[in-house]
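Have a look at this one before I ask anything.
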Amino acid sequence: MDFSLFLQNFLNGLSIGSVYAIFALGYTLVFSILGIINFAHGAIFTLGAYFTYALAGGKFGFNGILANAQLPFQLPFVMALLLSSVLSGLVTVLLERLAFKPLRARNADPLLTLVSSLGAALVIVNLIQYLVGAEIYTFPANIYGNLPEAINFGTATKPINIRTVQIIVFGVSVIIVTCLTYLINYTKVGKALQAIAEDTTTASLLGINSERLIMITFFISGFLAGISGTLVSSSVSIAGPYFGISFGLKGLAVIVLGGLGNIPGAIGGGLLIGLAEAFVPSDYSGYKDAISFGLLFIMLLVRPQGLFGKKLIQKV
Amino acid sequence: MADFFNTYGHLIISTLFGAMLGLSIYLPLMAGQLSLASPGFYSLGGYIAAILSTQFFPRSEGTYPLHFLGVEVILSAILSGILAIALGILVLRLRGIYLAIATIAFGEIIRILALNLEITGGAVGIFGIPQPFDIPLAYLWIAIPLLILVMFLVYRLEKTNVGLALRAIQVDELAANSMGINSTKYKVLAFTLGAILAGIVGTISAHFLNTWNARQGTFDSSIIYLAFVLIGGSKTFVGPVFGGILLTALPEVLREIGNIRLIIFGILIVLGTIFFPQGFITPNLLKKWRK
């Protein structure tokens, strides 16, 4: 493979991989605190994209009961992105109250939480379909301002064109990861989260309000899902209410690859899968989505605790 | 009565298939293993039927010969079984959520292969799978005896040493191991039985539905099957049968209310897990009925 093509694939992989990473961080945060997987995470991803589309002044199609609906105002894209991510976070907190907390309160089987979160995902996805129909929505090309379509990183004779959107997506993801790392390692909330992840009972004995922190965790998780939904759909499009589901499954592959509940693992796993997908030859692009699951299988066989995970020994 | 069957015949047969798919998740769960591989094997079984009946077996006038269907069922059972043993040995070292994710990955790989291979008809799938009966309602003659047979076998299984070993593994795998139970062997056995059942149901479903494509046996369905078991009740084999029938029928019954039926269905799943954490059918409830 010639070098410029290699670099091009590499940068594209880095860009999509960074979105996988922030999306998977949402899964991993909840898992590290509660030991459960929130299967509605993919649905919140979809929801975030639709919120941004609406807030940025997008018009909905003629299917669904909100046919031709349009908000009376139009926010600049960055504002819409942030507001929609906050809304996604709030919806996730609501979800936690309705679908997770009642089960946690009575110490239910974690499998039940899984089913309950799937029921919630079913509600969200079908509610979207009911309201605005199932058609594909595309953001206008100039949402990030009047930037060139692509930027040439090579020379005039040997161009290495990277789509501007990809660069922005990567940049936003890096900012998010940096903020999150700071939040977890250097703030009081972060320390408390680490304490709860270590041992919930001891943490509450030490006076940490675990219910409040669980809400914060779900909010951050929903925020991350919403923002990654927007980022992905700004570089491709919103492919209907179900498009978050397959993304959600890929996110599962990412967190297992990196090690469940492990934050550097989610980032590493996301980048690894993004890069692996970017190097699939175009003749085999139909099999691209199988890459993450293939890697997942290999990882489970060779190192079930994941790239960054610690080996747990089952005790009696 | 005839009217009733004409209107609801299709639904009744689907609910019986649902009950069997619930049991296919219940089998590995007997040993405490959460496997979501059933949709993958269901899809595989369906493709075996679709490919053999449309591309390999001679096309004849009239109805599709039943012995060809028999060959398909046997072949599906054998292939699902072999694949399940291989997969089971690989993934059953994993516990809990890891196993669930590994089996979801298996299902996704099957789906992506089906979407891309030529023999499976790509995204379009396979159409015009021949019918072994003149009227669709006749599928009841396969579905009812098969369900009764499977229920009987699972009931018997629970009473044998194998069933006791599976229960012991479910309660405490380490303790079971130290009592001399080869837990890997039994887990693979339970997983394989579930896979064979899902494969057989897929084979018959492909004929019943007349068409087969990669949308059969996706991730959503694995969760629906799991809901059959957990909402029906995971402590006795009656639970998944009841859950399968109830939850397959529910969206159809709710069809009256139109577009919001899947929203209601989702809400009911959430409420069911919250208010019936043991499922509707529990062993205690069955004891009460017997008295």
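Each chain gets a letter, A, B and so on, in the order the sequences are listed, and its residues count up from 1. All values below were derived from every heavy atom in this structure, side-chain atoms included, with hydrogens, water molecules and symmetry-related copies excluded.
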Query raised in the report: Which region of A:Phe31, side chain (C-beta onward) or backbone (N, CA, C, O), has a non-hydrogen atom less than 4.5 Å from a non-hydrogen atom of chain B, or is it both or neither?
Result: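 Side chain only.
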
Query - Under 3.5 Å donor-acceptor, B:Thr103 side chain and B:Leu36 backbone - result: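 Looks like yes, one N/O pair under 3.5 Å.
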
Query raised in the report: When the aromatic ring centroids of A:Phe293 and B:Phe106 are compared, is their separation below 6.0 Å?
Result: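 Here the rings of B:Phe106 and A:Phe293 have centres that are no less than 6.0 Å from each other.
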
**Report entry** Region of B:Leu115 in contact with chain A, defined by heavy-atom distances below 4.5 Å
**Finding:**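 Looking at B:Leu115, nothing touches chain A.
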
Query raised in the report: For the ring pair B:Phe237 and B:Tyr26, is the centre-to-centre distance below 6.0 Å?
Result: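 Centroid distance B:Phe237-B:Tyr26: not below 6.0 Å, so no.
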
Query raised in the report: Can you say whether B:Ile104 sits under 4.5 Å from chain A via the side chain, the backbone, both, or neither, judging by heavy atoms?
Result: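 The answer is the side chain of B:Ile104.
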
Query - A:Ile124 versus chain B, the contacting section by heavy-atom distance below 4.5 Å - result: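 No part of A:Ile124 comes within 4.5 Å of chain B.
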
Requested in this report: Examine whether an atom of A:Tyr287 lies under 4.5 Å from a heavy atom of chain B, and if so say whether it belongs to the side chain, the backbone or both; otherwise answer neither.
Outcome: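 Both parts, backbone and side chain.
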
Report task. Output yes when a side-chain donor or acceptor of B:Tyr47 lies under 3.5 Å from a complementary backbone atom of B:Ala214, and no otherwise. Result ->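 Checked: pair present.
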
Query raised in the report: What part of A:Leu300 gets closer than 4.5 Å to chain B, counting heavy atoms only: side chain, backbone, both or neither?
Result: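 It is both, since atoms from each part get that close.
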
**Report entry** Toward chain B, the part of A:Leu112 with a non-hydrogen atom under 4.5 Å
**Finding:**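 Both parts, heavy atoms under 4.5 Å.
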
Query raised in the report: Where does the angle between the aromatic ring planes of A:Phe45 and A:Phe243 fall among parallel (under 30°), tilted (30 to 60°) and perpendicular (over 60°)?
Result: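 A:Phe45 vs A:Phe243 ring planes: tilted.
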
Report task. Check each atom of A:Leu296 against the heavy atoms of chain B and say whether the ones under 4.5 Å are side chain, backbone, both or neither. Result ->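 Looking at A:Leu296, just its side chain touches chain B.
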
Report task. With a 4.5 angstrom heavy-atom cut-off, could you sort out which part of A:Val115 is near chain B: side chain, backbone, both or neither? Result ->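 For A:Val115, the contact with chain B is made by backbone and side chain together.
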
**Report entry** Polar side-chain atom of A:Ser237 near backbone of A:Ala239 as donor-acceptor pair, under 3.5 Å
**Finding:**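 Judged by distance alone, no pair lies under 3.5 Å.
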
Query - chain B interface, residue from A:Leu249, A:Val123, A:Leu252 that has the most non-hydrogen pairs under 4.5 Å - result: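 Most heavy-atom pairs under 4.5 Å with chain B: A:Leu249.
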
Query raised in the report: Can you say whether B:Ile109 sits under 4.5 Å from chain A via the side chain, the backbone, both, or neither, judging by heavy atoms?
Result: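 Contact with chain A involves the side chain of B:Ile109 alone.
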
Query - Ring center gap for B:Phe228 and B:Tyr225 short of 6.0 angstrom - result: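 Yes - the distance between ring centres of B:Phe228 and B:Tyr225 falls below the 6.0 Å cut-off.
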
Query raised in the report: Side chain, backbone, both or neither: which part of A:Ile245 has a non-hydrogen atom closer than 4.5 Å to chain B?
Result: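 Contact with chain B is through the side chain of A:Ile245 alone.
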
Query raised in the report: Do you know which of A:Gly119, A:Ser246, A:Ala99, A:Ala105 has the most heavy-atom pairs with chain B at a distance under 4.5 angstrom?
Result: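 Result: the option with the highest number of such pairs is A:Gly119.
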
Query raised in the report: Where does B:Leu87 contact chain A at under 4.5 Å (heavy atoms): side chain, backbone, both or neither?
Result: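 Answer is side chain: those atoms of B:Leu87 sit under 4.5 Å from chain A.
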
Query raised in the report: Is A:Lys250 salt-bridged to B:Glu108, cutoff N-O under 4.0 Å?
Result: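 Answer for the salt bridge query: no.
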
Query raised in the report: Taking the side chain from B:Thr248 and the backbone from B:Gly244, do they hold a donor-acceptor pair closer than 3.5 Å?
Result: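 Here the side-chain-to-backbone pair exists.
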
